[in-house]
Each structure stands twice: as C-alpha cells, then as structure tokens.
Amino acid sequence: MSDLPQHRYDAAFAREIERRWQDRWEDEHTFWAPNPSGLLAEGFDAVAEREKLFVLDMFPYPSGTGLHVGHPLGYIGTDVYARFKRMTGHNVLHAMGYDAFGLPAEQYAVQTGQHPRVTTEENIATMGRQLRALGLGHDPRRGVATTDVAYYRWTQWIFLQMFNSFYDADQQRARPIDELIPVLVADPDTGWDSLDGPARRRLVDSYRLAYRSEQPVNWCPALGTVLANEEVTPEGRSERGNHPVHRRLMKQWMLRITAYADRLLADLDGLEWPESIKQMQRNWIGRSTGAEVDFAVAGHEGVAITVFTTRPDTLFGATYMVLAPEHPLLDTITATEWPDATLMADVGDMPDAWKGIFGIDSIPSEAVGRYRDFAAQKSDLERQAEGQEKTGVFTGAFARNPTNGDALPIFVADYVMMGYGTGAIMAVPAHDQRDFDFAREFELPIRGVIRPSDAWFDERAISPDTPADAWPEAFTGDGVAMASANDGVTLDGLAVADAKTAINAWLEQGSRGGPTVTYKLRDWLFSRQRYWGEPFPIVYDADDLPIALAEAMLPVELPEIADFEPRIVEHDETSLPDPPLARAESWATVDLDVELPEWAGGPSGPAEYRRELNTMPQWAGSCWYYLRYLDPTNENEMVSRSAEQYWMGSEANGGVDLYVGGVEHAVLHLLYARFWHKVLFDLGHVTAVEPFRRLFNQGVITAAEYLDDRGMYVEAARVEERDGRFFLDGEEVTRQAGRMGKSRKNAVSPDEVYDAYGADTLRLYEMFMGPLDASRPWNTTDIIGVHRFLQRLWRNVIDEETGEAHVRSEPADLETRRLAHRTIDAVGHDMDELAFNTAIARLFELNNRLTQVVAEEGAAPIEVVEPLVLMVAPLAPHIAEELWGRLGHTESLAFAPFPSADPEYLVDETVE
RNA sequence: GCCCGGAUGGCGGAAUCGGCAGACGCGACGGACUCAAAAUCCGUUGCCCGAAAGGGUGUGAGGGUUCAAGUCCCUCUCCGGGCACCA
C-alpha cells in the first residue's frame, strides 16, 4: 500500500534488516570466541579479563525432512542466554555442529537412493540455512560434523585409548594397558611364562576397556544390525523404527562401561541436572546391594550355584532355587531321571506340573530342553503380555541350603533373567511375592523366617500365629527374624538390617559368599553392521585376534562404495549380520607392517591383515563433540590442553556451563558421553571429571493434530473450526494434541513464520510461550501478540515517515524511570534463570508505558529507550541492533553492557 | 505396582520467603479513526448477583496448620513422563 508509512516494521522489513545483520555479524566475526592460545586465539587479549562461559546445544541430526518450529526451541534459548551473558561481561563459546553419522542419515539415503555423504551434505546445507535465518550467534569456525574425516580421526583415536586401557579396580580408574603387563607376569595364576603370544594376547584383550565378546546381543534383522540395550524399548523393539529385536549369541565389540557404574552413579549427585534425569540414570545403572551365596549341588562335587540376593537375612527361608533358562550350569546339573521318593523326602510327592509345561516329560533333560526352547522363542513382548503368570520345570537336581542342609529342588523358570545378578536365585516364597506365586503354582513349601507385625495380620484378617503357607501373600516388609538359627549363627530376634550383617559375616567366615553389589547396567555393545559410521581402527591377523592400528595410521577412512545398503532380512531372526564394508573388497584386506609388543611376540613384519568390517554406533561421534568445539582445527591433538582447561575449567566443578537438549537422551547420549569423558579424564586428556555441569531439558512444542474417520492424519493447516467442531472439505475430523511432526501433518516450518513475521518474531514467540522446560502447544494466532510488541517498540523509537530515531534527551518522569529500573532488575534475574517468558512480559510492560509517554509527550526519553533496546537484544537481536544503530551507535551491541538497575528506584512504597 | 512431574479464567501462562490470585499475551466485547474494511489506538474482560455503587465466590476434591495458604501438612481423583518378574 503506497499510503503506508515508509519505515513501518513489518515482515518484509524485518527480513531485510535480519539478513543485513546476519551478514554483518558474519563479516565482522562478531561471535568468534577466542581461545587463550593456538589457531583460534585471535582477539583473546581483549577478553582475557572476562569470565568464560561454554553454552552447548545437543547438536542435531541433519535428517533431510527439514526443520519445523519445534526443533529450534532449545537453540533459541541458548542463543538468548549466550547473548545475555556476552552483555554481562563473559567470553562466551557457542557453536553448532552436526551429528551426521548413523541410522537416520543412512535410512534417508537408502530411501532416496543417494550416497549418504551426498544426502548428508545437502541436509547440513539446508539445515544450516534455516538455522542461520534465526540469527543464532554461533562461532561458525567450530561447527564440526561427526562425518568429517578430520573429526572422526579423533573418534577413532579415543577408541584406541579405550582399547589400550584397562580398569584398575583398586585405584578405581582406567590405566594404560602396558601397566597391566607386569601385574599379569607377576601373577602366578595366569601362568604367563607358559603362554604363547596369541594366548597372552587373548588374556590381555580380556582386560581392555574396548573388547570383543561373544554374548547374547540385540539383533534387529529389519535394520540389519545389532543394537545396544539402550536402543531397545521395553517392548523389545528398536527405538528407531520400532522393529522387532531378537536375542542372539554373537561376537561383538563392547565398551566396559560397567567398570564406571559406581562413579557414574556417585558423580550424579554434584551435577546441576533436572532431578528426573538423574533418577533415570540411577535407575538405568540400577545399583543394588546384597549378598552372593553359594549353594552346593547335591551329587555334583565341586559344583556350586551362586545366587545374588538383596535379602540374605531370609536365607533360612529358602525352599527351592531357580536358574534362568540361559544359565550355563543348567546342562551340568540337570538330572538323568526324575528323583525317587527318598530324594523327595523333604518335599513330598512330586506334582506332575514339575515335569514339563507341555505335558509330562519322561526325563528331566527333555523337560528342561523343551522349556528352554519355549523360553527362547518368546519375544520380550510376549513375555510382557503374559504378565505375572509363572512357568517353569524341575531339573531333577537338588541344592543344599548352606544354613541348614535342606534339599532344595532346582527349577528352571523364565521369571529369572540371565542378564541380572548371577542368573540364579534362591527362592524365599514367604518373603518375595514372585517366589510366593511360583511356590503356590508348583506346590512348593513356604517357610516364614521374618515375623510380620500384628497390624499386617490384622489387615489381612488372619491371626498372628498363621503359618506362612497359609498367608494370602508374601510378607516383604521389615520385621524380626525367626526360625533362623544353626550351630554357627542365629538371626532370631534381629531386625532385618542387623540380620543381614550377621548372616553376611557368617557367609564370609565360611567362604560361602558374602556382601556384594550388582548393577542393571550392562557393557555397551559398540559395533554396528551398517555403512554410515566410523570404521574401527582395528585389523585382524591370522589368529583372528584384533590389533590396534598405531596413531600414525589414523584416520581409517570410510571407503566409498556404491552398494551401501544394509541387507535386510525381515522377520527372519536366524539371519546373520552382513556388514556392508565387506563389499569394499580392496579395502577389507590391507598390507601393513604392524608392530606387536614384545610380550606378544614382538614385531611381526609386513603381512596381510583383514580390517574390522563393523562400524561404530551413532553415539560415538556425539560422545565428545563438545571437546572438539574447543579446538576444531587442531591436527595434532583431540583438543589442546590450554583450550580444554580454559573452557572446561576445574576438575571438581568444571564442564560445560549450560547444556540444553531434549529429555530423550537421558540414558543414551548423556550416559555414554559421561563414560567417555571419565575415561579421558583417567588417562589425563581432560581436566574436569564430568562433561556437563548444568543440564537443562527444553520442552516439546506440541500442536493440534487431526484424524479422519479412518484414523488417518489429515493436513492440519486446512482444517476449519465451526462451533467447536472441526471440518476438512466438509468432512468432520477429530482433534487431539500431539508432538509436531511431518508424519502427523501438523508441522509448521520456520520459513512460514519468517515470511509472515520475521525471525525476531519467531524467536520472541517461542520464548514467550511458556517456561523453556515446559511443553507447550503451538498456536499460530498467538504470534501476532509478540509481533505487535516489536512494531510498537519500533514506532516508539523510530519516526515511521523518516526512518530516523525520534527520542527526547530530557529525563523521564519518575514513574517511568522507576518502572524502567524495576524492569532492568527483573529482566536480569529472569535471563539468568532462563525464565525468558516472564522477562518478555516485563519488557512488554515497559514498552506499553513508553507508548503512553510517546502519546502524551511526543517522544520517548532516551534514558529509557536505550536500556530497553539493550534488554530486547538477546531475545530479538536484529531489531535491537537496527534500533541501536539508528540511535547513533556504530558498533554492534553484542558486547554492550547489559543495563544495571539503580537500587534507589527499586524500593517499594510500603503497603500495610 | 514403584519412582518423578503436574492440575490456576474461553486459551498460553504469571505469582522469590506463606502476604492484594489471575502479571503479560491471545481471544472476545465495546469505542475512536475510516465511505468501508484491514492496520493502529483507547477501554472492558475469573465466575455469580446488581442498572450502578457494591456484595458474594474463586487456584482438581476433601480435611488440617496459620492473623494470612495457589504456595506448608494429611487423604484422594485425574493427567503427563520414566521404570517394571531386577531377586
């Protein structure tokens, strides 16, 4: 419209100044964060006196479907915080890289038929453009991608650190593997001198932090790869893609994260993290204190079943035992025939149910064998569907209760997991509900050894002298021990805690067991049968033993192959992994001159070796990217000591100052990265004991989604509302809340918002919707509110006809001045707390006041305008820079001091 | 089942320590400007009664502590998230 003022703040004008300022920031290197020394040290002298601040986002996968407005929420939050901190005198490091290896990038490449390197580069370019348009103040020099050869060279280097280390349990830290050799040599149990080279290497390999092991792993045929426990849902499906996952015995690379279980647990306490995330990591680590107890197996001299129990105080009450179906001793102990009456004297007549779940089997090995097949075939999903139904069969064998010599029938049952504890339990049905259920099912004795309170009996309407086998359920609470005495120990009359201490002492004294700790955490399965990942810096010799390449041989570059697709054999769990790198035949074998250490037989000379064909998982690159941001161009080190010490700070309180990301990484990335960091700490490569001092989880942006009568998503943007009902092309559709996403057809692209309002409006709206850590619904009609604020701000400072600043130098009236100082005070606090929504509300109030002043007096006082512009700057930096410039400043306000409040104007009028 | 969060107008959300509940924004309603509309500006807006002045009531439900409770304590309901045959 030609009659509109020339210099009105609208979307087109916003885009114009936004592009201009983004170019200027880039040209002037405004957000380059100087290092104290090295290649990125330019400009450090000017900021040497400043406090450092390292602000970090969880870097994105360049996934190819483009961004929606939910993605940048956290990035905007960290940018506002970083900009605020620059204005309060900090040297701020803020950068953004790409987590570009891994399944998402590869799946997208498979779909489009293009090489993952091509699609990844395209996606990074697209995403970079969309992020740049937001005006994020990143140091572009530090934006590494995990797929850069110059980057993954160091990922491989870190793997070598792990391969070349072992965990010293006494010192509670990782040490170089070389330091283990003298220990093994001196240990008579190893028989070191009689071992040949390969045997010594096998022995040493078994101690490494990175080791190969044959064990049950999660095989996902539909993805063509094995997966870590953390990548499998409770339903037994792949976290990515929701495909079935099967337990299979395979030899794979593992990382010894379990060695760090205690430290990963204990060091959580000192972190400024959301309590819920800490709790999730604690649960995942699953530390449990209890005791191990050895049970001799009758008729098998020298064979003992070791169980883990948290209730050693109930040992006298054990009446049977259970092994997991995968337990290695099962074959050894299973009897050749069903026991006769004399053996069953302690138990009574054997119920038929003990002899198999598909009918009565004639011999125990048949019953056990059939049961194991049955258990192996059940998916985790089926197991869960069956709920608490207890199944199992008798092995025909008996163990001896070490306290009283009672014969305990040994069962195999799938309610005991091989993956936890020792894979075997002593069953105390009186005091464990699962054992109680099983005992009822199989008519096993139930013996009470802890006396419940009278109230417990009252609540169940039974008399306090009711024997345990007549109780309606197990008593699992605290009580006083009873019927628990033998020649060596008596627990009778002791409370649970004291009884545990007493029985543990007795167990240790007789070498029957003793106190121990167990964890749910398993070692990290680290190899994948996929193309798009970091190759291992490992080759194999004729003995099929791994040899680590020397540092000088890095990087091991990912070979270019045309056929990178995984071999997918859906619904065939017997299929075998087929790593795509095997197809790079000229790469897969290599002539090398490898030097073996003296103890392994010394240099072996030039020979042909086979390369490791697996690649590293998605998580490898993201375990340490924050360290590479510190020194991205360093060709000699992962990170220089001076850069690392400067940005990561002290040992006890160091780490990233603020790490913002989604809650979905609570036990994946965040646990793995802490583990790697601790290994690097032990080996002296980093200063701080924890990588991420303060963690903040941004919320999720939700959006209404609409379903037609077949339950299919329909285009949300085209749905119309009439009288509280919703229609698309005349058909009624139903509305529900959900995450924003392409597949749900409710995604809003940031580009749409830029076109309608500009990036400053988008930033401000996302920060104004609610607290940063809360999920919030996207509502397009609400955006106009923050856009109006920016228009009003513009109009309060700029004459819309001339485009020039129009302000008064006369002092503000007292009321306005007081409001300004109260606003400065509150906004400063809010920004520090990441409470941007309330900070914005305060700025609205002050700006509304200015609008009144302008109406009354013709122009706004400069003493209020300038602080207001500076306070707006972290949130809406482009318009703030533009106003600042038009107010006569020639420098960017990125480092202008944030306004400070005069306490004189903060005192409240007293209220009675 | 266990462990964390949470519940405040039509909507998103405010409310350091226990101190005027509903800041700020959206929406709605009324007005100014306009031939008209948009944009902009001004005003009203928790609910109930009342023309108004004013009165009553109100933070998921019930009880309690307190001069004073959205906030602290007890019991319960619902919603979201995590874990779950973990011995």
Side-chain angles (χ1 to χ4, degrees), chain A residues 1 3-5 8 10 233-234 274-288 290-293 307-312 314 318 321-322 324 380 383-384 386-392 413-429 431-438 476 518-521 663-664 666-667 697 699-702 704 724 737 764-765 768-771 773-789 791-792 795 800 826 829-830 833 835 837-848 851-852 854-855 911-912:
Chain A
M1 298 290 161
D3 55 344
L4 271 183
R8 167 149 297 187
D10 59 13
T233 65
E275 199 50 44
S276 59
I277 301 285
K278 290 192 193 182
Q279 204 53 46
M280 282 162 74
Q281 291 215 350
R282 288 189 190 109
N283 287 341
W284 188 261
I285 294 166
R287 186 179 200 271
S288 184
E292 278 188 352
V293 185
V307 306
F308 172 75
T309 177
T310 55
R311 294 295 303 274
T314 63
M321 298 190 71
V322 184
D380 288 355
R383 266 195 189 186
Q384 190 160 18
E386 285 163 22
Q388 313 294 320
E389 292 279 305
K390 296 286 183 294
T391 59
D414 66 1
Y415 82 93
V416 174
M417 314 289 142
M418 195 60 225
Y420 184 75
T422 61
I425 62 159
M426 66 173 197
V428 186
H431 305 295
D432 181 285
Q433 191 58 42
R434 293 153 306 180
D435 297 344
F436 185 91
D437 295 341
F438 190 89
T476 56
T518 192
Y519 302 89
K520 278 198 275 183
L521 184 70
V663 70
E664 65 272 19
V667 289
N697 290 121
V700 171
I701 291 189
T702 61
L764 206 53
Y765 174 59
F768 184 59
M769 292 164 87
D773 57 357
S775 294
R776 72 288 299 276
W778 181 264
N779 192 350
T780 300
T781 58
D782 288 349
I783 303 175
I784 190 70
V786 293
H787 188 64
R788 280 182 193 143
F789 162 75
Q791 286 184 320
R792 241 172 260 161
R795 210 167 29 237
E800 289 193 303
H829 280 114
D830 286 350
E833 309 282 316
N837 55 329
T838 50
I840 293 168
R842 303 282 193 166
L843 296 173
F844 276 30
E845 281 182 277
L846 183 59
N847 190 47
N848 287 346
T851 305
Q852 256 178 48
V854 171
V911 183
E912 59 179 291

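For the numbers below, each heavy atom of this structure counts, side chains included, while hydrogens, waters and symmetry mates do not. Remember, predicted model here, so these are calculated numbers, not experimental data. Throughout, protein chains are lettered first and strands after them, A, B, ... in sequence-line order, and every chain is numbered starting at 1.
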Handout entry: Side-chain donor-acceptor contact under 3.5 Å, Gln279(A) with Arg282(A)
Key = yes
Problem - Closest heavy-atom pair and its distance - Ala666(A), Met280(A) - result: CB-CE, 3.4 Å
Exercise for the section: Please figure out whether Asn283(A) or Gly421(A) has its closest RNA chain B nucleotide nearer the 5' end. Expected result: Asn283(A)
Problem - Residue closer to the 5' end of RNA chain B, Ala424(A) versus Glu275(A) (nearest nucleotide) - result: Glu275(A)
Practice task
Would you mind classifying the nucleic acid contact of Phe844(A) as base, sugar-phosphate or nothing, using non-hydrogen atoms under 4.0 angstrom?
Solution key: sugar-phosphate
Handout entry: Touch class at under 4.0 angstrom, heavy-atom based, for Ser775(A) against every strand present
Key = sugar-phosphate
Problem - CA sep, side-chain torsions, deciding dist, call: Gln852(A), Asn848(A), side chain to side chain donor-acceptor pair (under 3.5 Å) - result: CA-CA 7 Å; Gln852(A) 256 178 48; Asn848(A) 287 346; over 6 Å; no
Problem - side-chain N/O Gln791(A) vs U40(B) OP1/OP2, d < 4.0 Å - result: yes
Problem - Ring centres under 6.0 angstrom apart (Phe768(A), Phe844(A)) - result: yes
Handout entry: Anti versus syn assignment for C17(B), with syn defined as within 90° of 0
Key = syn
What nucleotide, of [options], holds the atom closest to the side chain of [X]?
| X | options | result |
| --- | --- | --- |
| Asp782(A) | A87(B), C26(B), G12(B) | C26(B) |
| Lys520(A) | C24(B), C83(B), G27(B) | C83(B) |
| Met280(A) | G82(B), A23(B), C85(B) | G82(B) |

Problem - With sequence neighbours excluded, residues passing side chain to side chain donor-acceptor pair (under 3.5 Å) with Thr702(A) - result: none
Practice task
Could you grab the distance from atom CG of Leu843(A) to atom OG1 of Thr838(A), nearest 0.5 Å is fine?
Solution key: 10.0 Å
Handout entry: Interatomic distance at C1', C4(B) relative to G55(B), whole Å
Key = 44 Å
Handout entry: Integer angstrom distance from the P of U59(B) to that of G10(B)
Key = 13 Å
Table of protein N/O atoms under 3.5 Å from nucleotides 14-18 of chain B N/O atoms:
{"residue": "A14(B)", "atom": "OP1", "partner": "Asn837(A)", "partner atom": "ND2", "Å": "3.1"}

Handout entry: Between A23(B) (P) and Asp830(A) (CG): distance, integer Å
Key = 17 Å
Please tabulate the protein-to-nucleotide N/O contacts below 3.5 Å involving nucleotides 41-46 of chain B, giving atom names and distances.
{"residue": "C41(B)", "atom": "OP1", "partner": "Arg792(A)", "partner atom": "NE", "Å": "2.9"}
{"residue": "C41(B)", "atom": "OP1", "partner": "Arg795(A)", "partner atom": "NH2", "Å": "3.2"}

Practice task
Report, as yes or no, whether the 6.0 Å neighbourhood of atom CD on Glu833(A) holds more than 12 heavy atoms from other residues, nucleotides or ligands.
Solution key: no
